[in-house]
Amino acid sequence: MADRVKFKDLSPEEQQDHRDRMRHSAAHVLAEAVTKIFPDAQLTIGPPIEDGFYYDFANTEPFTPDDLMKIELEMRDSIRANTEFVERETSRDEALDIVIDNPYKVEILEGIPADERVTFCSHSEGAFEDLCRGGHMTRTGDIKAYKLLSAAGAYWRGDEENAMLQRIYGTAWESRDAQKTYLKKIEEAEKRDHRKLGRALDLFFFDPIAPASPFFMPKGTVVLNSLITYVKELYEKYDYDEVMTPQIFNTDLWEKSGHLQAYSENMFFIDVDERQFGVKPMNCPAHAMMYQSNSRSYRELPLRWADFGRLHRNERSGVTAGLTRVRSLVQDDAHIFCTFEQIGQEISSFLKMLNEAYAAFGFDNYRFELSLRPDKRVGSDEMWDKAEVVLTELLDSSGMEYTAEAGEGAFYGPKIDVFIPDALGRDWQCGTVQLDFSLPERFDLEYAAEDGSRQRPVVVHRAMYGSLERFLGVLIEHLSGVFPLWLAPVQAVVVPIADRHNDFCHEVGVKFKAAGIRIKVDDSNDRMNAKIRQAQLQKIPYMLVVGDREVEAGTLAVRTRTGENLDPMSVDEAVAKFLEQIADKS
RNA sequence: GCCAACGUAGCUCAGUGGUAGAGCAGCUCAUUCGUAAUGAGCAGGUCGUGAGUUCAAUCCUCACCGUUGGCUCCA
């Protein structure tokens, strides 16, 4: 009890540190338990992670759920024994001798300078020891709540060229209550899973006949089209033009763009009449052709071309997931062809538009990542220097928080990615803005400058939603399927109490429809209670109930999906109210 | 792609070496009801696909397909 009070009194940083140390300590106890049951298992790494920890073991068979139970029991004994964590220092070379039979530990040590001291940490009276950076609790008994969650294969250092290790995930908390809260939170988040809601709300489904390719039902299509309509409004404001381009192209194009060399594993190819075609995974080469189809002047720049063309990417079978990673997708894609000097202005205005859009959906938990030059790249160092400075200054002056990742940029240019978390906190890349120094070279794009010289434009790839499918997926989870009025597939349902009210209800429906409101009349012979329940389950924003009183007075009894009953209003009043709310996107 | 689990009616799920059930949804009939489920009846499945073992496979074995979770928040 004293501990719990103490934990509450810690600063957020101290709390985080406490949890990290406890989770890392739990990883040690886990490792001990595994080596007891599976003596051949080799230790590798076991860091604390958000909400828990994991440990990777080499030289062992995959763990079964049964194994996990046994391991958890073994851990319990170790924690009950409440032994001390003891750290000892050695020289790196001494440590190498100790772990010589474990190639993973050897590799870790080889990454540490020879003159540095390293630490080992033991517990259980020295019966278990592990090479370890440090950061533990005082005693094993300080691990107040823990639970093993799952086992999975994981490559050493995340590289599939390396051996596959067996990983065990667990969670650990400062108290049983905290752990309970966490597990409850996960359970709640699973209810928001967009795949479940997509089925329940009749938005989309999947079928093995087209793996990882969603079929959007009418209701899902309404939402997607609303997303597109909205972005087209923004394009009007931010001065973009829309274009349309072919779906499949002769392989020559992909050779020229470089996709054949760099991206063909992710492309679908079709042979027709002994010629090979590639289905487009991206729009940029087509847009480059459009640019090239005319001689260009600096007066035309920047050109902003948006394309809602359908793309196909042959994602590896193990990585597809619901709507968040699909093989058939549409992006709110656009390419900006501009001068090098215009880059700053273009990206700044794009980020402004993106923030405006995300605010409209109520996202407030997205993050930015700036990816800087990789080792393998095209373009001069001078170009990279300038471009990176422009992006960095933009982000700094915007006040938006971001992380800079050295070496993570594309070979063709630096980029800023925007990530949005799903219900379970997994990040998905949605928005992106990428500079491209390569495409203009490959397609030999030029414009006539003011002085008559021929100059190379820069291409900016950019999207706010990214894939509309993915964006819809995270949006559904963000909203728990409760779409605001402007996005709701069905905005209102008219509920006649008895058959004799049906005619009036249909008249009401016609009036709302004429005003452009998506409305349905529920004239099934269910009872009113059942109709309301149905509308609630479908998360329909408004229920317009009509009985004798309403027909008599020519009004509507308006119920919201939050269960609130508004004052009776006329059809005209209700229409006006809805239209206003739709326009406000509130 | 790799590791693991899973795949039974439209959906959610039971179930057994002797060719399958429930709830919801659907359809029919009755009911006409004031803010989250009216009642009765009917219909619905080559148990993911293909092989194999067996007298007999939805169940056991193998392969394939698909889905789900995981595959650097580094000693």
note: Y54(A), atom OH; C3(B), atom P; distance rounded to Å ~ 20 Å

note: N266(A), atom CG; G1(B), atom P; distance rounded to Å ~ 12 Å

Under 4.0 Å from OP1 or OP2 of G70(B): is there any side-chain N or O of R167(A) that close? no

So, N102(A) side chain and L43(A) main chain: donor-acceptor pair closer than 3.5 Å or not? yes

Given C33(B), is OP1 or OP2 found less than 4.0 Å from the side-chain N or O atoms of R500(A)? yes

Can you check the distance between C11(B) and G44(B), where both ends of the measurement are the C1' atom (answer in whole Å)? 13 Å

On the nucleotide A75(B), are OP1 or OP2 found under 4.0 Å from the side-chain N or O atoms that R133(A) carries? yes

D526(A) atom CG is separated from G34(B) atom P, nearest whole Å, by 15 Å

Does R21(A) reach the side chain of H24(A), with side-chain heavy atoms less than 4.5 Å apart? no

From the candidates C33(B), U68(B), A75(B), the one with an atom nearest any side-chain atom of I112(A) is A75(B)

Assess R377(A) against F411(A): is NZ or CZ under 6.0 Å from the centre of the six-membered ring, and within 45 degrees of the ring's axis?
no

query: Any donor-acceptor pair under 3.5 Å linking the side chain of R167(A) with the backbone of G153(A)?
result: no

Closest of U32(B), C71(B), A36(B) to the Y155(A) side chain is C71(B)

Separation of A25(B) atom C1' from L537(A) atom CG, nearest Å, is 12 Å

(message) Considering every strand and a 4.0 Å limit on heavy-atom distances, what is the contact class for V319(A): base, sugar-phosphate, or nothing?
(response) base

Test your reading of the model: is there a side-chain donor-acceptor pair from N314(A) to the backbone of N266(A), 3.5 Å cut-off? no

Which part of the nucleic acid does R559(A) contact within heavy-atom distance under 4.0 Å: base, sugar-phosphate only, or nothing?
-> base

Checklist line | C1'-based separation of C60(B) from U16(B) [nearest Å] | finding: 13 Å

*asked:* Using a distance-only criterion (donor-acceptor N/O pair, under 3.5 Å, no hydrogens), is the base of C74(B) paired with the side chain of R157(A)?
replied: yes

Give me the distance, rounded to whole Å, that separates G10(B) from U46(B) when you measure between the P atoms they each carry.
8 Å

Using the C1' atom on both, measure U19(B) against U38(B) and round to a whole Å.
38 Å

**Request:** Name the nucleic acid region contacted by N565(A), choosing base, sugar-phosphate or nothing; use a 4.0 angstrom heavy-atom cut-off, strictly under.
**Result:** base

* Is the shortest heavy-atom distance from the side chain of L329(A) to the side chain of R313(A) under 4.5 Å? -> yes

Q.
Within a 6.0 Å radius of atom NZ on K147(A), are there more than 12 heavy atoms belonging to other residues, nucleotides or ligands?
A. no

To the nearest angstrom, the CE-P distance between M528(A) and C33(B) comes to 11 Å

For this session: Look at all strands and tell whether G111(A) reaches a base, only sugar-phosphate, or nothing, counting heavy atoms closer than 4.0 Å.
Result: nothing

From CZ of R325(A) across to P of G69(B) the rounded distance in Å is 13 Å

When the P atoms of A5(B) and G21(B) are compared, how many Å lie between them, rounded to an integer?
30 Å

Q) Between U38(B) and R527(A), is there an OP1 or OP2 to side-chain N/O distance shorter than 4.0 Å? A) yes

Practice item. Taking atom P in both G66(B) and G50(B), compute the distance separating them and give it to the nearest angstrom. Key: 16 Å

Atom CD1 of I168(A) and atom C1' of C3(B) are separated, to the nearest Å, by 13 Å

(request) For R195(A), report the nucleic acid contact type (base, sugar-phosphate, nothing); a contact means any heavy atom under 4.0 Å. (result) sugar-phosphate

Against the side chain of A321(A), the closest entry in G69(B), G10(B), C73(B) is G69(B)

Have a look at D548(A) and say if it touches a base, only the backbone sugar-phosphate, or nothing, with a 4.0 Å heavy-atom cut-off. base

Touch class at under 4.0 angstrom, heavy-atom based, for T64(A) against every strand present:
nothing

* Base, sugar-phosphate, or nothing: which does A152(A) touch, judged by heavy atoms less than 4.0 Å apart? -> base

Original post:
What about D499(A), does its side chain sit under 3.5 Å from the base of U32(B) through a donor-acceptor pair?
Top reply: yes

Original post:
So what does R92(A) hit on the nucleic acid, given a heavy-atom distance under 4.0 Å: a base, only sugar-phosphate, or nothing?
Top reply: nothing

request  = Can you tell me, in whole Å, how much space there is between the C1' of C59(B) and that of G7(B)?
outcome  = 14 Å

Inset, instruction - Report which part of the nucleic acid I45(A) touches: base, sugar-phosphate, or nothing (heavy-atom distance under 4.0 Å, all strands). - result: sugar-phosphate

When rounded to whole Å, the CE to P distance for the pair M543(A) and A37(B) reads 13 Å

* To do: Look at all strands and tell whether N525(A) reaches a base, only sugar-phosphate, or nothing, counting heavy atoms closer than 4.0 Å.
  => base

Practice prompt. Pick the C1' atom in A63(B) and in A22(B), then give their distance to the nearest Å.
Written response: 34 Å

| query | Counting any heavy atom closer than 4.0 Å, what does A535(A) reach on the DNA or RNA strands: base, sugar-phosphate only, or nothing? | reply | nothing

Of C73(B), U67(B), A75(B), the nucleotide closest to the side chain of E50(A) is C73(B)

- Under the 3.5 angstrom rule, does the side chain of R192(A) hit a backbone N or O of E477(A) as a donor-acceptor pair? yes

From the candidates C74(B), A36(B), G70(B), the one with an atom nearest any side-chain atom of P47(A) is C74(B)

Would you indicate what E161(A) reaches in the nucleic acid, counting non-hydrogen atoms under 4.0 angstrom: base, sugar-phosphate, or nothing?
nothing

Out of G34(B), G1(B), A37(B), minimum distance to the side chain of I497(A) belongs to G34(B)

Quiz item: Between G70(B) and R426(A), is there an OP1 or OP2 to side-chain N/O distance shorter than 4.0 Å?
Solution: yes

Between the side chain of T35(A) and the main-chain N/O of P39(A), is any donor-acceptor distance below 3.5 Å? no

Within the structure shown, what part of the strands sits under 4.0 Å from L43(A) by heavy-atom distance: base, sugar-phosphate, or nothing?
nothing

